[in-house]
Amino acid sequence: MGMSEFYGVGDDEESVLTIHEALDRGVNFLDTADMYGPFKNEELVARAIKNRRDEVVLATKFGNQRGEDGSFIGINGSPEYVLKACDDSLRRLGVNHIDLYYQHRVDRSVPIEETWGAMHSLVEAGKVRYLGISEASSATIERAHAVHPVTALQSEYSLWSRDPEDGVLETCRRLGIGFVAYSPLGRGFLTSESSKLGGAERDYRKSQPRFSGEAFEHNLQLVENLERIASEKGVSTAQLALSWVLAQGNDIVPIPGTKRRTWLRDNIAASSMVLTEDEISAIEAAVPRQAVLGDRYHAQGMTTING
């Protein structure tokens with residue numbers, strides 16, 4: 001996402017090099033969405049994986065409908081839109097199938113059974129291999145799963161966003177659904193760069209509650225707690241935060257986004273870290289769930305989650 005929008009001005013050349021290095025280092029799961037850019041990120045990924053399609057597990061999403069001018073039209077889960085969005089993504093990605101196709105947000109005006117009926121037809125047509133859903137409630141996951149097996153749930157999960165622990169993770173484990181943790185670094189906040197975030201041109205983070213005013217200053221103190229533990233362990237703050245997510249279960253796959261090769265290497269190194277139970281307890285004490293100040297999104301954005 002950050003390569004094409006939301007986190008400041010991107011650099012397509014560096015982004016392609018970052019994806020290439022990720023593939024060279026054995027990273028094979030790439031996650032995008034039609035709304036990133038909008039549309040530009042799928043085209044960027046297509047450029048990066050050209051002639052390397054067989055190396056990639058490719059995931060994209062539909063549901064956050066945007067106009068060509070970048071405007072946000074709304075959440076759309078209508079069957080007709082599902083089919084069109086998939087064809088558009090296939091064209092932009094330059095592939096004949098999508099490995100994992102997500103419903104990006106739940107359209108509360110359309111029964112989930114209708115949306116997933118259309119998604120099921122995409123699997124039958126060979127355009128999609130597996131289906132996923134994002135930011136859905138346990139009840140919605142159950143209903144979607146009854147129409148077609150849900151392979152993965154993608155929701156925000158990190159030291160400062162632990163909502164999935166309130167039943168959704170249990171639902172996924174009971175049904176055999178993998179959990180893909182997006183923003184496992186708190187949109188970059190759980191890193192040594194946290195104090196600098198949100199100031200760049202076209203960086204939307206400063207408009208979000210956790211990155212604004214009193215909440216920003218309060219949350220920086222939590223990151224400082226994390227930095228002390230990371231320093232004692234001889235790792236980066238980001239690596240410590242990522243390793244915590246990885247320690248929550250083998251069924252949890254964090255997808256840290258980055259626009260630069262430097263941070264890619266730092267993130268990859270976290271996969272070889274092993275935390276002791278005492279270290280996990282110390283990390284959770286440094287960033288207590290109840291101590292995080294501010295919502296994940298602004299008021300309108302909060303209405304689109306837990307659908």
Side-chain angles (χ1 to χ4, degrees), residues 1-6 10-68 70 76-105 115-134 144 147-154 177-178 180-182 253-259 261 264 268:
M1 182 181 80
M3 290 179 173
S4 300
E5 198 179 12
F6 298 113
D11 178 339
D12 285 356
E13 294 302 321
E14 176 63 18
S15 293
V16 169
L17 289 172
T18 300
I19 293 173
H20 284 171
E21 181 161 335
L23 297 177
D24 292 342
R25 288 173 174 262
V27 175
N28 66 352
F29 184 36
L30 299 184
D31 179 277
T32 183
D34 57 5
M35 65 94 66
Y36 302 158
F39 317 124
K40 295 177 182 177
N41 196 249
E42 288 185 328
E43 294 169 349
L44 177 70
V45 170
R47 175 182 164 193
I49 67 172
K50 188 176 181 180
N51 302 320
R52 303 188 71 169
R53 174 65 179 96
D54 292 344
E55 300 176 47
V56 175
V57 176
L58 182 61
T60 192
K61 316 178 198 75
F62 76 92
N64 278 313
Q65 188 177 6
R66 297 182 67 182
E68 293 289 344
N76 194 338
S78 67
E80 298 79 14
Y81 183 71
V82 172
L83 303 181
K84 180 182 184 303
C86 182
D87 285 343
D88 289 344
S89 287
L90 287 168
R91 173 178 48 78
R92 284 189 293 264
L93 290 163
V95 299
N96 60 17
H97 73 276
I98 295 163
D99 294 307
L100 178 58
Y101 199 43
Y102 287 105
Q103 181 178 7
H104 204 167
R105 288 294 186 273
T115 303
W116 272 68
M119 293 169 70
H120 172 75
S121 74
L122 293 172
V123 176
E124 290 187 316
K127 295 180 178 181
V128 171
R129 295 183 66 203
Y130 301 101
L131 301 180
I133 196 167
S134 180
V147 176
H148 184 97
V150 178
T151 292
L153 170 75
Q154 182 177 142
I177 298 169
V180 177
Y182 78 81
V253 177
I255 49 169
T258 182
K259 299 186 287 187
R261 286 168 286 177
L264 169 74
I268 288 174

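- Considering every non-hydrogen atom in both G94 and A46, the closest pair reads N-CB, 4.4 Å.
- Counting only distance, with no hydrogens or angles, the side chain of T115 and the backbone of G77 share a donor-acceptor pair below 3.5 Å.
- The ring-ring contact (aromatic ring centres under 6.0 Å, His included) pairs that include a residue from residues 42-66 are F62-Y101, where partners are two or more places apart or lie in different chains.
- Electrostatic pairing of K84 and D87 does not count as a salt bridge here, judged by no charged N lying under 4.0 Å from a carboxylate O.
- Salt bridge E14/R261: present, at least one basic N to carboxylate O contact under 4.0 Å.
- At least one side-chain heavy atom of Q103 sits less than 4.5 Å from a side-chain heavy atom of M119.
- For the pair L100 and L58, the minimum side-chain heavy-atom distance is 4.5 Å or more.
- Every residue two or more places apart in sequence or in another chain that forms a side chain to side chain contact (heavy atoms under 4.5 Å, CB included) with R47 is listed here: D12, E13, V16.
- Here the rule is side chain to side chain contact (heavy atoms under 4.5 Å, CB included) with Y102, and of L131, I133, D31, T60 only D31 fits it.
- Note: Y36 and F6 have perpendicular aromatic rings, judged against thresholds of 30 and 60 degrees for the angle between ring planes.
- Residues E5 and K40 are not in side-chain contact: their nearest non-hydrogen atoms beyond the backbone lie 4.5 Å or more apart.
- For CZ of F39, the number of neighbouring non-hydrogen atoms (other residues, nucleotides, ligands) closer than 6.0 Å is greater than 12.
- Checked against ring pair (Phe, Tyr, Trp, His ring centres under 6.0 Å), F29 has no partners two or more places apart in sequence or in another chain.
- Side chains of T32 and N41: a donor-acceptor N/O pair is present below 3.5 angstrom, by distance only.
- Side-chain atoms of H104 and Q65, non-hydrogen and from C-beta on, never get closer than 4.5 Å to each other.
- Within the 3.5 Å criterion, the main-chain N or O of A48 finds a donor-acceptor partner in the side chain of H20.
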